[in-house]
4 protein chains.
Amino acid sequence: MSTGFFGAIDKIPFEGKDSTNPLAFRFYDPNEMVLGKRMEDHLRFAVCYWHSFVWPGGDPFGGQTFERPWFGDTMELARKKADVAFDMFEALGVPYFTFHDADVRPEADTFTESRDRLNAIADYFQEKMDASGIKLLWGTANLFSHRRYMAGAATNPDPDVFAYAAATVKSCMDVTQRLGGENYVLWGGREGYETLLNTDMGRELDQMGRFLSMVVDYKHRIGFKGTILIEPKPQEPTKHQYDYDVGTIYGFLKRYGLENEVKTNIEQGHAILAGHSFEHELSLAAALGIFGSIDMNRNDYQSGWDTDQFPNNVPEMALAYLEVLKAGGFTTGGTNFDAKLRRQSLDPEDLLIAHIGGMDCCARGLKAAARMIEDKALAGPLSERYAGWDKPQAKSMLDGSMTLESIEKRVIDEKIDPQPRSGRQEYLENLVNRYV
Amino acid sequence: MSTGFFGAIDKIPFEGKDSTNPLAFRFYDPNEMVLGKRMEDHLRFAVCYWHSFVWPGGDPFGGQTFERPWFGDTMELARKKADVAFDMFEALGVPYFTFHDADVRPEADTFTESRDRLNAIADYFQEKMDASGIKLLWGTANLFSHRRYMAGAATNPDPDVFAYAAATVKSCMDVTQRLGGENYVLWGGREGYETLLNTDMGRELDQMGRFLSMVVDYKHRIGFKGTILIEPKPQEPTKHQYDYDVGTIYGFLKRYGLENEVKTNIEQGHAILAGHSFEHELSLAAALGIFGSIDMNRNDYQSGWDTDQFPNNVPEMALAYLEVLKAGGFTTGGTNFDAKLRRQSLDPEDLLIAHIGGMDCCARGLKAAARMIEDKALAGPLSERYAGWDKPQAKSMLDGSMTLESIEKRVIDEKIDPQPRSGRQEYLENLVNRYV
Amino acid sequence: MSTGFFGAIDKIPFEGKDSTNPLAFRFYDPNEMVLGKRMEDHLRFAVCYWHSFVWPGGDPFGGQTFERPWFGDTMELARKKADVAFDMFEALGVPYFTFHDADVRPEADTFTESRDRLNAIADYFQEKMDASGIKLLWGTANLFSHRRYMAGAATNPDPDVFAYAAATVKSCMDVTQRLGGENYVLWGGREGYETLLNTDMGRELDQMGRFLSMVVDYKHRIGFKGTILIEPKPQEPTKHQYDYDVGTIYGFLKRYGLENEVKTNIEQGHAILAGHSFEHELSLAAALGIFGSIDMNRNDYQSGWDTDQFPNNVPEMALAYLEVLKAGGFTTGGTNFDAKLRRQSLDPEDLLIAHIGGMDCCARGLKAAARMIEDKALAGPLSERYAGWDKPQAKSMLDGSMTLESIEKRVIDEKIDPQPRSGRQEYLENLVNRYV
Amino acid sequence: MSTGFFGAIDKIPFEGKDSTNPLAFRFYDPNEMVLGKRMEDHLRFAVCYWHSFVWPGGDPFGGQTFERPWFGDTMELARKKADVAFDMFEALGVPYFTFHDADVRPEADTFTESRDRLNAIADYFQEKMDASGIKLLWGTANLFSHRRYMAGAATNPDPDVFAYAAATVKSCMDVTQRLGGENYVLWGGREGYETLLNTDMGRELDQMGRFLSMVVDYKHRIGFKGTILIEPKPQEPTKHQYDYDVGTIYGFLKRYGLENEVKTNIEQGHAILAGHSFEHELSLAAALGIFGSIDMNRNDYQSGWDTDQFPNNVPEMALAYLEVLKAGGFTTGGTNFDAKLRRQSLDPEDLLIAHIGGMDCCARGLKAAARMIEDKALAGPLSERYAGWDKPQAKSMLDGSMTLESIEKRVIDEKIDPQPRSGRQEYLENLVNRYV
Ligand SMILES: [Co+2]
Ligand SMILES: [Co+2]
Ligand SMILES: [Co+2]
Ligand SMILES: [Co+2]
Ligand SMILES: [Co+2]
Ligand SMILES: [Co+2]
Ligand SMILES: [Co+2]
Ligand SMILES: [Co+2]
């Protein structure tokens, strides 16, 4: 460790499930083979910059709780922050990290100077990445914190904000490409509204469609090979956000002809806030062909806001990774921890422990999911349940060769009187419990 | 009144806002002109058959509370029910009604016999419609109450259920067309899932897409001039329904190439359950070109299930009708009360009073909305807020003539530093309060 | 098995965790010693009558899905139902069952006849209980399903309903005592309101207080040794129920001087609906001295109504049993499954499988909790966190010997400037994950 | 106006309901007589200091949006802030204001210095209050924003925090008494927990009980004549707060023998977050004898967090003031706006407009409620509904002279078979709509 922020800790070891060392992995062994692939290559962990190194611990009713030696607004402190961040990435042994422009450099008075500072930090990152082998899962632009974005970025009533946001995204895409980022993410934290009384939703959706089209065009023009990802969230900070959930985003992409260009980065907590389960969003994205990556941080079911907590419920995670595996696993995507410490978790060690716990839970979930796949535990009963659709008569109803009239005729002629069969939900739930 | 169920009541009169007669309208005057159109022609009220004449007052923890002389399973009682229903339609002076097949005829042992019974009741309806001038806003098939549909209709794992549902929809479309129905509605109460463990969502969405395509094809084949409408609802009865909300339905329609063929029937209560406001769903549907009709019944904000109550909050209704008017008003659609009495409201009079209250609230809401339109109360500030987008420089960012690079250049060259302006939410809320 | 309803199945065996037999226990071994007590004596499982043998599978949008040979309204069918019920209790090896009057006998035209039928069935139960050794955990009266209770039982505006309910509770307490029931439960499904417009809440709370006082008086008069339990639920069926949650019930009991006479039966699903976790309600009840028994059935976090599902998430159950153990374990209480099959789970086998899964999860949860207790896994860090309060200076602030003035003086004199310490939430979450 | 912050605006006039002046009252006329009392004396408006003059417009995803000339940490700026605040109080013509210590003076390095600064500002306030006639509705201590309170104030695991909080409350009570405050409020924003894993709830409740007892003792010792108020809130900032709702607080007060010493300050938004309506909480507090004061700011029903918006729905407010009037109106309490501008409402004018709209809505609501009272619109049907309880037979069931046995005897002898009567909810809802 170069900075000493985490004390004498070097690299977090894998010690196996009987270890009682809080600073060791019990399940995450990067080299363990799962379904023929290294665990590390399945999970593709990334640590995010903002929650761990930027967030001061505030909430709507209280201020800073964390005291970090790198807090402040100078480039020197920005480099110090990078030093500690890479210390942590290395200690954890994660292959990737993720960042917003605003996380890594102090905002300047002009766009040009802010961009130049970003580029300077990117140079600093490049050195550290080269030295450590740590890679960039994705980059993104923070288009929500500054007051200029209070009424939206792409969807702002002021076209100058649209312009400023467009220039900012360009600068972040440039840096992401330069650092070999494997994806570029857009989260529209202010793309939504507080009240319809002052909002022209149709117009704003068109602005957002145009903005995204320019991003896609630019990606191709610069030869960026990564994936463009949108992160759905239904609300918070705005009362209502346009990228509500996977289904809504799919419609948006279809509307602007972008469904083959853009995929989704799905967060457990955001799925919950939208009234879905995480598995639902993953499964739907896969069905619609827009599954990309995940933010593996949970919401507290009791809280009506985004708590961005580290995951800890293994049965839930097994079902999530089951969907990831069923979708073919990650290609450019990965498992990002868009998770923050509780604001009372003040110690440097807490940062490590939180990530270790999250990574171990993911590993347990992945392994459980893989065993379910291997055993066809769920796939078997599923095939059986839909087996009726394999018959030619049934297929003809789906392939367009039958009509309401011809189907009615068959119902009448054959006196069809369908008899329900058990859905076996409790049986299947028990089955899953064999694996977790 | 032919049946005497409602006692000596004949036609509910309009008595003006100072009336204290609970059996009179205070605001709904069908002939009053609003924005150059009769109020009746704006609101296009419909009463639904199921809640008012079929629902026995049960809930998950209690059984029947209503005792109605037409409850029972014979065709004679079905006709008696129709007599009382038309008595009420006439007393209320509503121009339309709506029904499911299962509301109006007893289920028979075979599909054929059920269909024949439906046709027989349709004949009976036709006489009553001719005599009264009351019309059919829409017909629909109940594909959710019978146990055969417990695992879905179009999305059932058993293709025979798909077939049975298809034949049933055909019979309902036939009757709807014969009775001059102005729309045909599909609500997918069982098109969803209870657990992903036994569900192949991609396959089921394809089944649903195919089903809807056949409905659209059939509509054209038989020359039905009405609109096909889907009614979104996020959950209940299933844990998760595929027609979650307007945004999700739009994506679904785009996916199967049906976005120009099908519109939405939007219910306030379902919007709330999906985490939206009613206005949001109306405004979004209008923006996406799929606004069709409304079910004007509210949910209790405290309850996590569909309470289907009669509307009573005028300020909320004014905002809803404002969106309807901004969308150009109804064409084939209308204002349907998919609303039920509270199960303690036992008296025949309660049925009338509930509808009178709902209709009066709609009338108040419509009139308030119309005055806002006339005064450009909100349209004025809105234009002003987005005025920046009228400039050529701004337009060029939307019309495809600019790129991220050219926009960035302008940001740099012109040193663009956007300054936020007040969103004036409280001012606009106060403004609305002048009208309600 | 006497009835053959469950086929050839006899007694569900314990086969250990590697068993793949869906009709065997993998974790529930009644005789396994946990913290010095048999597992059976810790968990004290009970199966409820209503969900498993009475509920027809309906929901607000659909009717009966289950077809059971005992459905119907005769005493003969009531005995047949009892036969199957006891078959299942024996197959599962549960030591207890629970019932409402309405579950076990058909309602008659008069109170007297209904009571007599209940007594007759009780005689039948007594024989079966003697033969099998199965005991009654608790009895209760159904004061919510019949239309007479639509506006409340104890809290009804009609005193005759209060009287009818009182007489009914007496008959159920009599039967409970006669059958050796270890508790008597009151769930106030209709003790609440739909609208404050027609409700005098103060008056109704007084009615409820008086009703409960009579129940307690009667208990003592007849020498019933069991515990009187109230089951909190915030809403559903009513919009708002008076027994909202544990905290509310405690205040109610204190108000009517019953806090030493009555305890609570806490259900996971109801805790969730009230905005709490199950653990919260358990822990609070223990702190307030009113912890009694549990209904171990979960709600789906996505659904805003009471889904009464069988539990399946082991980490959650470990935390629940941890609170039970910390409260000293059950005395007269136990683990009741107030849980119903999903309405698509049609097969007799599903009934067994659902309970087996639930019991196994409880056993896993209990064992994990016990190990945490043994290791002082959480108790250790907890003591350390509050260690400051062991000092005399600190104690004096709690024992009444200090005042705001004397404390202020100390703050000033000693220049007290408290420094926050890490709450270590992630560390503790990881710790729990060692045990589940 | 002394400061000029609000431009040339002097005193907001009452112009009557046809006024279109956004800076005039349309309904709030302080001197209008309502039920024999001046409107001002009914409503007893207070403006809070923190939201309007301290909050910078941040949210969890964005920073400051407001730019106020008094932002900063000096006593000079604190006085400047007070100047603007009193400008606004005078412009609005509100009789009261409310504040936390942290709102009005910069935090110092020591308790003593912080207290002295508070006292200095109180002197400054006193002059302004004398000059303007504006009074203090209540004072309170901010025991939630500073990091020392991150794990609770009274409920902190560190007794030094308890001590610091106690000393701080003393200093705030002293100032409140000195300024003639009519109440003293405690809101326990950090009195709750984030995770039960590190929390001893029983211990913390006892700490809280002791703390409150000391507050009550001190009140009597110094002869403070105002009311001690607790403000319930279920969650946020903590995951779970001990002062969840009115019912919970009542139980807490009873437990520590404080139910005659402490009342509640009820906020609409907090009621909503707890799963209640505002009216429920008001009505319950009145029934339990702990109704004190209100914070008249709403939550957005779509948002799962505390939005603290200005009220704008008149029908809802009419029902709220109906409960206030039924409870006998305010004694020491009043209508406080614990409401903040939306963070996009940047202009000084927005501050005035928001309060004007809120005050006008309250006035409309109060007047509608008063007319309902005068007409016995709801009281009449209510008496009729419960009329059965006026009979001696019914009364004897409540006064303790009957038992379960004697009631059962009467049910049997008189063959009691209660017949339900309509609850008339829709009728009553329509009735209310005559008044709003
Ligand atoms: Co998040
Ligand atoms: Co995220
Ligand atoms: Co509905
Ligand atoms: Co509907
Ligand atoms: Co339940
Ligand atoms: Co229960
Ligand atoms: Co609040
Ligand atoms: Co407040």
Side-chain angles (χ1 to χ4, degrees), chain A residues 110-112 147-148 150-151 157-164 166-167 170 194-198 200-203 205 210 214 217-218 234 240 244 247-248 250-251 254 275 279-280 283-284 287 378 382 385-386 388-389 394 397-398 403-404 407-408 410-412 415-416 418 420 423-425 428, chain B residues 110-112 147-148 150-151 157-164 166-167 170 194-198 200-203 205 210 214 217-218 234 240 244 247-248 250-251 254 275 279-280 283-284 287 378 382 385-386 388-389 394 397-398 403-404 407-408 410-412 415-416 418 420 423-425 428:
Chain A
T110 64
F111 168 78
T112 311
R147 69 195 290 270
R148 76 172 66 88
M150 72 178 199
D158 177 355
D160 278 357
V161 179
F162 181 102
Y164 199 98
K170 178 182 174 298
E194 294 303 328
T195 175
L196 283 174
L197 299 183
N198 69 12
D200 182 335
M201 187 154 44
R203 176 198 286 269
L205 289 173
R210 182 68 211 136
M214 289 197 299
D217 290 347
Y218 185 65
H240 201 289
Y244 198 84
T248 304
Y250 177 78
K254 283 291 283 186
E279 307 92 270
H280 170 85
S283 176
L284 181 60
L378 292 165
L382 198 73
R385 189 167 190 240
Y386 290 91
W389 284 100
M397 293 195 295
L398 295 187
T403 62
L404 290 193
I407 292 174
E408 183 196 43
R410 214 191 110 225
V411 168
I412 292 172
K415 294 190 172 39
I416 287 177
R424 306 183 78 193
Q425 180 165 339
L428 296 168
Chain B
T110 63
F111 168 77
T112 312
R147 69 195 288 270
R148 78 171 66 87
M150 71 179 200
D158 178 355
D160 279 357
V161 178
F162 181 102
Y164 200 98
K170 177 181 174 298
E194 295 302 329
T195 174
L196 282 175
L197 300 183
N198 69 10
D200 182 336
M201 187 152 45
R203 176 198 285 269
L205 289 173
R210 181 69 210 134
M214 289 198 297
D217 289 347
Y218 186 65
H240 202 288
Y244 197 83
T248 304
Y250 178 78
K254 283 291 284 186
E279 305 92 90
H280 170 85
S283 175
L284 181 60
L378 293 165
L382 197 73
R385 190 167 189 240
Y386 290 91
W389 284 100
M397 293 195 294
L398 296 187
T403 63
L404 290 192
I407 293 173
E408 183 196 42
R410 214 191 109 226
V411 168
I412 293 171
K415 296 191 170 36
I416 287 178
R424 305 184 78 195
Q425 180 165 339
L428 296 169

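We name chains A, B, ... by the order of the sequence lines, and we start the count at 1 in each one.
In this structure, the portion of Tyr218(A) lying under 4.5 Å from any heavy atom of chain B is its side chain and not its backbone. If you measure heavy-atom distances from Lys170(B) to chain A, the contacts under 4.5 Å come from both the backbone and the side chain. For chain A, the nearby parts of Leu428(B) are the backbone and the side chain; heavy atoms of each come within less than 4.5 Å. Looking at Leu382(B), the atoms closer than 4.5 Å to chain A (heavy atoms on both sides) all sit in the side chain, from C-beta outward. Both the backbone and the side chain of Tyr164(A) have a heavy atom closer than 4.5 Å to some heavy atom of chain B. If you measure heavy-atom distances from Met150(A) to chain B, the contacts under 4.5 Å come from the side chain alone. Interface residue Leu197(A): backbone and side-chain heavy atoms are both found under 4.5 Å from chain B. Looking at Val161(A), the atoms closer than 4.5 Å to chain B (heavy atoms on both sides) sit in the backbone and in the side chain alike. In this structure, no portion of Thr110(A) lies under 4.5 Å from any heavy atom of chain B. Residue contact with chain A, scored on non-hydrogen atoms closer than 4.5 Å, involves the side chain of Tyr244(B) exclusively.
Note on Arg148(A), Gln425(A), Arg385(A): by heavy-atom pairs under 4.5 Å with chain B, the leading option is Arg385(A). Taking chain B as the reference chain and counting heavy-atom pairs below 4.5 Å, the highest number among Leu284(A), Asp200(A), Asp217(A) is found for Asp200(A). The most heavy-atom pairs under 4.5 Å with chain B, out of Ala151(A), Pro157(A), Gly275(A), come from Pro157(A). Ranked by heavy-atom pairs shorter than 4.5 Å toward chain B, the options Lys254(A), Glu279(A), His240(A) are led by His240(A). Considering only heavy-atom pairs separated by less than 4.5 Å from chain B, the leading option among Arg410(A), Glu408(A), Glu194(A) is Glu408(A). When each of Met201(B), Arg203(B), His280(B), Met214(B) is checked for heavy-atom pairs under 4.5 Å with chain A, His280(B) comes out on top. The choice from Pro159(B), Ala163(B), Gly247(B) that makes the most heavy-atom pairs within less than 4.5 Å of chain A is Pro159(B). Ranked by heavy-atom pairs under 4.5 Å with chain A, the list Gly202(B), Pro418(B), Ala167(B), Gly251(B) is led by Pro418(B).
Of the possible polar contacts, one joining the Asn198(A) side chain to the Gly423(B) backbone as a donor-acceptor pair under 3.5 Å is found.
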